[in-house]
2 protein chains.
Amino acid sequence: MSEIESDAPPPRRPTMKDVAREAGVSTSAVSFALNNRPGVSDSTRRRVIRVADRLGWRPSSAARALSGESAGAIGMVLARPADSLGGESFFLQLVSGIQASLAPRDQALVFQMVDDVQAECELYRRWWAEGRVDGVIVVDPRVSDPRPETLAVLGLPAVIIGGMEAPGNPDAPQLPRQARLSNIWADDSGAMDLIVRHLYGLGHRRIGHIAGTPGYAHTARRIASLRAAARRLGLEHAVSVTTDFTDRQGAKAARRLFSAPVPPTALICDNEVMAVAAVSVAAERGLLIPRDVSVVSWEDSVICHTLHPQLTALVRKADEFGGRAASQLLALLDGDAPRQLQDPLPRLQPRESTGAPPAQGFGSG
Amino acid sequence: MSEIESDAPPPRRPTMKDVAREAGVSTSAVSFALNNRPGVSDSTRRRVIRVADRLGWRPSSAARALSGESAGAIGMVLARPADSLGGESFFLQLVSGIQASLAPRDQALVFQMVDDVQAECELYRRWWAEGRVDGVIVVDPRVSDPRPETLAVLGLPAVIIGGMEAPGNPDAPQLPRQARLSNIWADDSGAMDLIVRHLYGLGHRRIGHIAGTPGYAHTARRIASLRAAARRLGLEHAVSVTTDFTDRQGAKAARRLFSAPVPPTALICDNEVMAVAAVSVAAERGLLIPRDVSVVSWEDSVICHTLHPQLTALVRKADEFGGRAASQLLALLDGDAPRQLQDPLPRLQPRESTGAPPAQGFGSG
DNA sequence: CGATTCAACTAAACCGCGTTACCATCAGCG
DNA sequence: CGCTGATGGTAACGCGGTTTAGTTGAATCG
């Protein structure tokens, strides 16, 4: 019984009442003082602030949400199977950037992973009904996507990352008036041009494209952009194969492309995981990079410049992208009008994995 | 003025009052009915539930937190510079596993990234004062870590992932009684044994270790474990070099080890990013893997088996790990006593990157 | 000097839920 | 028939903030 029982004061979070008592004023005065509202003298304000500081007071996010209607948090949902983002660095970087924008505003990020877009819509509905978040950031928009509609109906502010290509897209469904959806889209078409021009300049005329998941808006856009570029430049072949973004399907797609009667001399891979997989398949077949085949990764990450040969990659700063999206969302929450804005064109970083094609192409000669 | 203004009812989240009115009872009755408490008849209960369902009612997380003391959310902080987790798949997998455990319990995950452990402690204090989370999951414990102390003082329940090696560690500082900290630690020592025995069995006697960030508890543990194993087996050399987990420093460490008067014949790399970097440096020097040098990655991920040669790797399922941690935290929140538990020993997956050492070792002639 | 105005502050209501105390109604019982 | 004890329900309060309506006391003004 010699144990020291009271080695610390019972921890209880300080409330406004504590501050009020300590400062000798009412809780209303405390509220006025701490929120920079008129109604208290300067001296009182200072005193209250000092006391609150000393006590380590922080507004209860719950109480504030209850009266002020603001949850002080924004949400982000990832509707991809976990294994499909095994090696992808994009999302972690994106989240990192979102954080950076949110932190100064004391906004928390609520993060959740679900199985599919339906579940995501359900979650939005739940978050809305629970009043858990003030707005959300939507990623991986689909070609036919129920989420904008859902969010619009709920009146939940949102920024859609990589949404509809052009502002005023006639295909975009008409959304309810209370929609508070901003859109920040990457210029996939311009980026594809960048890549194709790079390959074309090296002499490539047959390009294979290991695309992402069918149904994703950016997958569709990239495929369309490649086709358009091919037509414009008069390429012999420009074949896109869809996958699920994993190394397995990336490898499978690469095998399929390599086995075609007229195989491509260059591959564009929609993420770095599949790019590595493609390199691996090439090695398997005894193809040298870039002598026999060139490879471009649509995403730069550590492995792209760690690997040998280093991979030519599209460098888009995911963290800055996320930061801009978060800023947009905050603006939306501040009452700004929804905006459609385009992210700056990414940069193509040529490295060792792209070069001139073989004179005859392999396999067809 | 011909615009249709009222294309949707003004969205307002339904409250208990709405349900009560609709069902023709008081809000208390609704509360009883929906929380499975006695005080209402079965028929009323069913009716209320039906109405609530129809209205899409969900308890306001704020209101519930305010009265019930439970925020319905748990927190996780990452105190690593964003660039140091560029290619690492560990955390995303971990988070994915945490989610899976949390989702059925309708617990949200609040996620934040900060610069250092001090900021992390600040954030814990803030979260606690704001009542934003019910508990937290702590990762990357340090050798001398202020976080357990902070959490203990606040009385904030937490599960520390990869904490103190052995339960009852005499070095562990005495924490206040109200501490509600569980600990779930990976058996780094056992895992290191697994790797060293594998290499020893192949004939290696000089092992280099590209370790993680100095100051991280698991880095220290792995270094100590390697030293112990080396002593036990009578290895010639077992040198650990610390890094910051990035490819850059991984490569630098590899160069340093390769340039030693008596270079190692095998490398153990504390994550897959540095393993790839090491492979790259080896290639740079004209060293063939595994003929001239063997490489083991302390983490399996897509690239480990996509790369050629495929990397021998330690397979520990980060998602299951995260799931267990989350379950522990939930148990803690349910009032269970804190526990110290050890994660099952990971599995070593031998692949192409490990083999017998060169007869004389390279470079030492 | 009494009426008016304003600054400074307080009391009270509210947000949406959980919870406790209380209050009808009715069956069972002596 | 009056008392007891369930049963099924309601009113009221608290959580920790914000906000609105009041209430002072002192300065200003006619």
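Each chain gets a letter, A, B and so on, in the order its sequence line appears, and its residues count up from 1. Computed from a predicted model, the values in this text were never measured in an experiment. What's counted below: heavy atoms across the whole structure, side chains too, no hydrogens, waters or symmetry copies.
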Q.
Within the supplied structure, the quantity of interest is the number of heavy atoms (other residues, nucleotides, ligands) at a distance under 6.0 Å from B:Arg339 CZ; does it exceed 12?
A. no

Q: Whole angstrom is fine here: how far is it from CG in B:Asp18 over to P in C:dC17?
A: 9 Å

**Q.** Pairs involving residues 111-120 of chain B, ordered by first then second residue, that meet salt bridge (charged side-chain N to carboxylate O under 4.0 Å, His left out) (sequence neighbours left out)
**A.** B:Glu120-B:Arg147

Q.
Take a 6.0 Å sphere around CZ of B:Arg37 and say whether it holds more than 12 heavy atoms from other residues, nucleotides or ligands.
A. no

(Q) Rounding to an integer number of Å, can you tell me how far B:Asp42 CG sits from D:dG9 C1'? (A) 15 Å

**Q.** B:Asp18 with B:Arg21: basic N within carboxylate O range, under 4.0 Å
**A.** yes

Q: With side chain to side chain contact (heavy atoms under 4.5 Å, CB included) as the test, would you mind laying out the steps for A:Trp127 and A:Gln112 before giving the verdict?
A: CA-CA 11 Å; A:Trp127 276 355; A:Gln112 191 143 347; 4.0 Å; yes

Q: Would you give a per-nucleotide map of nucleotides 10-19 of chain D, 5' to 3', where B means the base has a protein non-hydrogen atom under 4.0 Å away, S means only the sugar-phosphate does, and - means neither?
A: BBB-BBBBBB

Q: Decide yes or no on side chain to side chain contact (heavy atoms under 4.5 Å, CB included) for A:Val77 and A:Val136, but give the supporting numbers first.
A: CA-CA 8 Å; A:Val77 184; A:Val136 298; 6.0 Å; no

Q: Would you mind telling me which of A:Arg54, A:Arg47, A:Arg50 makes a salt bridge (Lys or Arg N to Asp or Glu O under 4.0 Å) with A:Glu22?
A: A:Arg54

Q.
Just the rounded figure in Å: distance from C1' of C:dC17 to CG of B:Asn36.
A. 17 Å

Q: Please confirm whether the backbone N or O of B:Gly72 pairs with a side-chain atom of B:Arg105, one donor and one acceptor, at under 3.5 Å?
A: no

Q: Rounding to 10 degrees, work out the angle separating the end axes of the helix from C:dC1-D:dG30 to C:dG30-D:dC1 (five pairs an end).
A: 70°

